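Below: the structure, in C-alpha cells.
In this text, all values refer to a predicted model and were calculated from it rather than measured experimentally.
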Amino acid sequence: MADVNEPQAPKIEFPCQYPIKVIGTAGDDFAEVICQVVEKHAPGVDTTTVEIKDSKNGRFLSLRVVITATGQEQLEALHRDLKATGRVHMVL
C-alpha cells in the first residue's frame with residue numbers, strides 16, 4: 001500500500017504538448033538521427049522549432065523538441081527507440 005504522504009508523479013492528460021530533451025554525443029548527424037526517431041513516433045512534429053545546444057567542451061549536444069503526446073505507450077516507445085540509436089545518453 002502506498003504511503004498517502006508520499007509525493008505522486010503528476011498525472012498527464014493526453015493529448016498534450018510534451019517537451020523532450022535528448023542529450024547525446026556530438027556528431028554532424030545527431031539532430032537528423034534524433035528527429036527521424038521523433039518523427040516516427042510523433043508524425044508531423046514541427047522540426048523547425050528544435051533547439052540544439054552544444055556542451056561547454058563540445059563533446060555533447062542537447063536537442064529539445066516539443067511533440068504532441070498521445071499516450072504513455074507512445075512516450076515509452078519513443079524513449080526506447082532513442083536509446084536504441086546508441087547515440088543518446090539521456091532523455092528528459
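- Considering only residues two or more places apart in sequence or on other chains, Gln36 meets the side chain to side chain contact (heavy atoms under 4.5 Å, CB included) condition with Glu32.
- Side-chain contact between Gln72 and Phe14 is present, with at least one heavy-atom pair separated by less than 4.5 Å.
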Could you list the donor-acceptor pairs under 3.5 angstrom formed between side-chain atoms of residues 16-27 and any protein atom two or more places apart in sequence or on another chain?
unit_1	atom_1	unit_2	atom_2	d
Gln17	NE2	Thr68	OG1	2.9
Thr25	OG1	His89	NE2	2.7

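- With sequence neighbours excluded, the residues forming a side chain to side chain contact (heavy atoms under 4.5 Å, CB included) with Val37 are His41, Leu78, Asp81, Leu82, Thr85, listed by chain and number.
- In terms of hydrophobic clustering, with Ile, Leu, Val, Met, Phe, Trp and Tyr side chains grouped at heavy-atom distances under 4.5 Å, Ile12 and Ile67 are assigned to a common cluster.
- There is a path of hydrophobic side-chain contacts, each under 4.5 Å, that joins Ile34 to Val91.
- Hydrophobic cluster membership differs between Leu61 and Met90, with clusters built from Ile, Leu, Val, Met, Phe, Trp and Tyr side chains linked at under 4.5 angstrom.
- The salt bridge (Lys or Arg N to Asp or Glu O under 4.0 Å) contacts involving residues 48-61 comprise Glu51-Arg64, where partners must be two or more places apart or lie in separate chains.
- Residues Thr47 and Thr49 are not in side-chain contact: their nearest non-hydrogen atoms beyond the backbone lie 4.5 Å or more apart.
- Formation of a donor-acceptor pair under 3.5 Å by the Glu39 side chain with backbone atoms of Cys35 is not found in this model.
- The two residues Gln74 and Thr70 have their closest heavy-atom pair at OE1-N, 2.6 Å.
- Under the side chain to side chain donor-acceptor pair (under 3.5 Å) criterion, Thr48 pairs with Asp46, sequence neighbours left out.
- Judged as a side chain to side chain donor-acceptor pair (under 3.5 Å), and not counting sequence neighbours, Asp28 has no contacts.
- Taking hydrophobic clusters as Ile, Leu, Val, Met, Phe, Trp and Tyr residues chained together by side-chain heavy-atom distances below 4.5 Å, Leu75 does not share a cluster with Val66.
- Each of Arg80, His79, Arg87 was evaluated against Lys83; a single residue qualifies, His79, per the side-chain contact (heavy atoms from CB on, under 4.5 Å) test.
- Val33 and Val50 are not part of a single hydrophobic cluster, where members link through side-chain heavy atoms under 4.5 Å apart.
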